[in-house]
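Scroll down for the structure; my scribbles are underneath it.
These values consider heavy atoms only, across backbone and side chains, with no hydrogens, waters or symmetry-generated copies. The chains referred to below are lettered A, B, ... by the order of the sequence lines, with proteins before strands, and numbering in each begins at 1.
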Amino acid sequence: MTALVLDLREQPAARIDMFGVTPDRLNGLTARAVAAIEVTVGKARLPLGELFAFSGDDPSTIVLRGATACLDGVGAEMRAGRIVVEGDAGDYVAQDMRAGEIDVRGSAGAYAATGLRGGVLRMAGNAGDYLGAARAGDRYGMRGGTVVVRGDAGARCGERQRRGQILIAGNAGDYLGASMIAGTIVVLGHTGSRPGFGMRRGTLLLAQPPASLPASFNQSGRHHLSFLSLYLRSLARIDDAFAALDPARTTVRRFVGDIGCGGKGEVLVWL
Amino acid sequence: MLISGVEIEDTFAEAFGMVATRVLITAVSPTWARHAAETMTGFATSVIGCGIEAGIERTLAPEETPDARPGVSALLFGMSQKDLAKRVETRVGQCVLTCPTTAVFSGMDGEARIPLGKNLRYFGDGFQISKRIGDKRYWRVPVMDGEFLCEETVGCVKAVGGGNLLVLAASQTQALAACEAAIEAMRRLSNVIMPFPGGIVRSGSKVGSKYKAVVASTNDAYCPTLRGLTPSRLTPDIEAVLEIVIDGLTADDVRNAMRAGMHAICRLGAAEGIRRISAGNYGGKLGQFQFPLREIMA
């Protein structure tokens, strides 16, 4: 039994919606049955067999290869298993995912991990805008799980995040954690403008001092926070990029807000 | 059965099913972890009068604790999960939350859980912060020296309470020395506590009393000054009796502790005035567990 490989040799005229192509939904199906499953491509519905070349037979791990950047919704609502994208992924990767692991070897588009509830999403490259954020009309962004970005994240990362953690080894764009409700975002690089804007609760943990914070954030002083020793230890187990963080670094400068909306969130900057 | 001149009586200790939990208390130094643990496990000798039985299990090195600080593990035993839950929460709230630099963590896994930070978080008056790390949830409660970090729940298990030894000696001094040696040996074991002062009881009790309102009264059969007034279990050469009560997570833990204690006592032996080791029971009618002394020492 080897991983089920779907090789998109040629990019189609429209984007491909990969909703439903997850290990839990394909469980027990033969490669032939999987090839018959239809997906939306622009306005049309086409069987996977017409789009991808198949090899392997074990859908508990699905490998997506080739022109993967046009694949949207990879791992949407996934409940088990593993998906590997050998290249870039499109938009909405890991949307509403509940469990399992997605490994994007390149970068991902917009709205990655929106509605994420559990499991782990890893990106070797960059994440587009709205990582872990709420879609238009949604009350909450991601509600659990872990996202690891080895590169940079775009704007509005973690907007209306409700729970879970986002770990960014590179830089984060503007409005990091805007309207955040809870959860944790760690950024080892720089942040853009207005991090924490409209934050209610939640934690932004920054290795670099932010260029600026919204005016409605107050200084809370210098603190030694013992929870950081547990938290940093847990990060080391998740990804090597964060294993270098010293669990003894528990002293931070703390900013609280967004006072403008009665928020009790915190921006912690390592000293 | 005679070991080093000490008679091991052909009897058994009768023990009861209880519910137990373990909490890990950490602090900036071993001293402060100890202050918190001693305060939390104080006034916890017997469920009858104190509602709970508790004691310090052992000291923890920084490498053994979740936040890599010095700590202490404490065991608490109650008659039911509901009872235990209420009393653990009160004790942690009054004795650990209040103690400088402490944090408290669950020392026990398992599906049965009792709330800890789950209710203590309200002390934060709305400013408390929750953090999930892995599959555990913690509460950060703002306090004057920073933050009190507390795990949301702690596991609990069915356990065994009331294992015991009675040490009959030629003098009070010798009985005490023997019991001190036993306690020192038993304290090297995990999963057990000896909840009485210094681990030793001088006022062993029996069920019932001539007074209607009194549930338990002095164990007159083992009181040396009542020899001649009451059916006594004491031979003329016995001047003092002390008891050690053991609560443990499993019957094996209690058994191992009783064995370690008895060996320590017998190492002093008849030469140091120890005449007999006995145990307390209710004829096997009340407790779920029996620990025959001779079987343990065989």
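Residues that satisfy the salt bridge (charged side-chain N to carboxylate O under 4.0 Å, His left out) test with A:R160, not counting sequence neighbours, are absent from this structure.
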Which side chain or backbone donor-acceptor pairs connect chain A with chain B at less than 3.5 Å?
from, atom 1, to, atom 2, distance (Å)
A:G183, O, B:K131, NZ, 3.0
A:T184, OG1, B:K131, NZ, 3.0
A:R201, NH1, B:Q128, O, 3.3
A:R201, NH2, B:G126, O, 2.8
A:T203, OG1, B:K131, NZ, 2.8
A:S229, OG, B:D67, O, 3.3
A:E266, OE1, B:R140, NH2, 2.9
A:E266, OE2, B:R140, NH1, 2.7
A:E266, OE2, B:R140, NH2, 3.2

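The minimum heavy-atom distance linking B:I133 with A:F227 is given by the pair CD1-O, 4.3 Å.
Counting non-hydrogen atoms of neighbouring residues, nucleotides and ligands closer than 6.0 angstrom, the CZ atom of B:F123 reaches no more than 12 such neighbours.
In this structure, no portion of B:F148 lies under 4.5 Å from any heavy atom of chain A.
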